[in-house]
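Scope of the values below: all heavy atoms of this structure, side chains included, with no hydrogens, waters or symmetry mates.
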Amino acid sequence: MRTIIFTHADSDGICAGALALAAFPDSPIYFTNAVSILADIENAVGFDRAVICDIAVNISTSARLRERIDRLSAETKVIYLDHHPLPEGFSAGWMISNTSSSASEMAFRHFKDLLSPDMSRVALYGAIGDYRDDSLSIYNMVQNWDKRSLYYQAGTLSQGIEIGRRDYDWKRYLVMELAKNVQPSDIPDLAKNAIRASQMENELRIHVAKEVIRMRNLSYVLDQNACMSKAAIYARVYGDTPVGMSAEYRDHRDVYDFSLRAIGRINLNPLVSRIAASHGGNAGGHPLAAGGRVPSGHLKEFLLDLDAAIGEELGA
């Protein structure tokens with residue numbers, strides 16, 4: 001069966017994609033996201049099998065996505081592995097959902113009969129990189145490896161991909177190497193990139209501390225030209241608010257892409273999805289980590305509405 005693989009370009013998505021590639025060698029690999037999957041899935045037409053890993057289902061586009069993949073699944077076997085919360089009422093025979101797991105762990109378990117047991121460490125790199133290393137099943141998997149070495153390798157991967165983060169040919173190469181169970185530290189240039197990324201992260205931390213803009217419940221920074229998720233974390237920390245946000249302008253689309261990170265009793269996923277949609281954008285993710293896109297002309301109003309909605313959610 002001819003297989004095509006779609007996956008996210010972060011460390012969890014890269015590892016999940018590598019596990020799918022190890023199960024189905026020589027398959028083409030596409031990097032996509034919750035916004036782009038509607039168009040990108042057209043590339044699966046004519047394939048016998050499509051594996052989709054770590055791609056969230058946005059509330060605002062969920063009906064169209066289900067309709068499109070339902071049509072595709074009439075001719076193509078679709079395996080959709082995802083750990084993001086699903087929109088209320090969303091279900092499909094091709095969807096395999098588990099919000100308590102990483103996509104990498106899901107891929108390892110789903111394709112386990114096609115994989116060497118040693119590929120569990122690739123699943124663990126992804127789980128650690130996605131902060132999903134605290135479950136009992138991951139704890140048990142870690143026992144088969146030296147924990148210090150494992151976390152070093154996971155850190156090398158998650159930090160190393162921050163250099164050239166939009167170089168998808170480079171990330172595709174990483175998927176192919178990980179599918180062969182090559183350690184991240186043995187992949188040329190990855191360890192060197194990880195060191196540089198760590199230096200840049202510290203510079204980012206210092207810069208965000210100076211540039212952060214604090215609202216009542218939300219702190220944010222704009223156009224840091226760096227890892228948005230980490231900039232969002234530092235915005236939250238130095239703004240001393242429950243939620244931090246980093247946004248970057250994309251001139252070819254005239255939009256702002258953004259990343260959110262939160263602490264406490266909040267569920268960002270439905271909240272930010274609803275508000276982004278009301279401003280002509282798209283968003284989604286996890287309860288404490290989300291992202292999306294809004295038209296640039298709506299950014300100010302989006303920030304005001306998001307700040308107010310966070311306050312309502314928290315009773316502030």
Hey, mind stepping through E248 and R166 against salt bridge (Lys or Arg N to Asp or Glu O under 4.0 Å) and telling me if it holds? CA-CA 14 Å; E248 292 185 2; R166 295 190 182 92; 3.4 Å; yes

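- Within 6.0 Å of OH on Y131 lie no more than 12 heavy atoms contributed by other residues, nucleotides or ligands.
- Both tests do not hold together for R250 against Y256: distance to the six-membered ring centre under 6.0 Å, angle to the ring axis within 45°.
- With respect to the salt-bridge test (charged N to carboxylate O, under 4.0 angstrom), the residues E203 and K210 do not qualify.
- The pair E67-R64 does not meet the salt-bridge criterion, since no charged nitrogen lies less than 4.0 angstrom from a carboxylate oxygen.
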Could you give me the CA-CA distance, side-chain angles and deciding distance for S219 and T241, then say whether side chain to side chain donor-acceptor pair (under 3.5 Å) is met? CA-CA 6 Å; S219 297; T241 51; 2.8 Å; yes

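- Taken to the nearest 0.5 Å, the NZ atom of K192 stands 15.0 Å off from the OG atom of S185.
- Atom OG in S97 sits 10.0 Å away from atom CG in L81 (nearest 0.5 Å).
- Annotation: ring pair (Phe, Tyr, Trp, His ring centres under 6.0 Å) contacts involving residues 31-79, sequence neighbours excluded, comprise F31-Y168.
- Tracing side-chain contacts under 4.5 Å through hydrophobic residues (I, L, V, M, F, W, Y), one never reaches I5 starting from L65; they form parts of separate clusters.
- In this structure, the side chain of N98 does not engage the main chain of H83 through any donor-acceptor pair within 3.5 Å.
- Classification of R265 and E313 as a salt-bridged pair fails, no side-chain N sitting under 4.0 Å from a carboxylate O.
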Chi angles and distances behind the side chain to side chain donor-acceptor pair (under 3.5 Å) call for H279, D305: CA-CA 10 Å; H279 290 283; D305 288 349; 2.7 Å; yes

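- Not one N or O on the side chain of N58 forms a donor-acceptor pair closer than 3.5 Å with the backbone of T61.
- Residues that satisfy the ring pair (Phe, Tyr, Trp, His ring centres under 6.0 Å) test with F108, not counting sequence neighbours, are absent from this structure.
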I'd like to know whether S246 forms a side chain to side chain donor-acceptor pair (under 3.5 Å) with Q224, so could you lay out the CA-CA distance, the side-chain angles of the two residues, the decisive distance to 0.1 Å, and finally the verdict. CA-CA 8 Å; S246 175; Q224 298 298 299; over 6 Å; no

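- Minimum interatomic distance between L178 and M119 (heavy atoms only, all atoms of both residues): O-CE, 3.5 Å.
- More than 12 heavy atoms of other shown residues, nucleotides or ligands fall within 6.0 angstrom of atom CG in N202.
- Under a hydrophobic-cluster definition in which Ile, Leu, Val, Met, Phe, Trp and Tyr are linked whenever side-chain heavy atoms come within less than 4.5 Å, directly or via other members, V208 and V243 are assigned to different clusters.
- Within 6.0 Å of the CD atom in E301, the count of heavy atoms belonging to other residues, nucleotides or ligands exceeds 12.
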As a quick check of understanding, evaluate salt bridge (Lys or Arg N to Asp or Glu O under 4.0 Å) for D257 and R293, giving each step before the final call. CA-CA 4 Å; D257 286 353; R293 175 179 294 167; 2.7 Å; yes

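- Note that NZ of K180 and CG of L21 are 9.5 Å apart. Values are rounded to the nearest 0.5 Å.
- Of all the heavy atoms in I4 and N43, the pair that sits closest is CD1-O, 3.5 Å.
- Taking both residues in full, the closest heavy atoms of S100 and R132 are given as C-NH1, 3.8 Å, listed atom of the first, atom of the second, then distance.
- Between the D12 side chain and the A103 main chain, a donor and an acceptor come within less than 3.5 Å of each other.
- Side-chain N or O atoms of S135 include one that pairs as donor or acceptor with a backbone N or O of I138 at under 3.5 Å.
- Aromatic ring orientation, F258 versus F302: tilted (interplanar angle from 30° to 60°).
- Checking V51, D70, I52 one by one against V78, the side chain to side chain contact (heavy atoms under 4.5 Å, CB included) holds for a single residue, I52.
- Between L218 and L260, the closest heavy-atom pair is CD1-CD2, 4.3 Å.
- A donor-acceptor pair under 3.5 Å is absent between the side-chain atoms of S36 and the main chain of T32, judged by distance alone.
- Screening I128, V142, L124 against D133 for a side chain to side chain contact (heavy atoms under 4.5 Å, CB included) leaves a single residue, I128.
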For side chain to side chain donor-acceptor pair (under 3.5 Å), just list the numbers for R121 and N144, CA-CA rounded to whole Å, side-chain angles, deciding distance to a tenth of an Å, and then say yes or no. CA-CA 9 Å; R121 67 179 180 177; N144 294 328; over 6 Å; no

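- A tilted orientation is assigned to the rings of Y80 and W94, their planes being inclined by 30° to 60°.
- Follow the hydrophobic side-chain contacts under 4.5 Å out from I275 and you reach L314 in the same cluster.
- Comment: E105 engages R109 in a salt bridge, judged by a side-chain N to carboxylate O separation of less than 4.0 angstrom.
- Around the CD atom of E88, the shell of radius 6.0 Å holds no more than 12 heavy atoms that belong to other residues, nucleotides or ligands.
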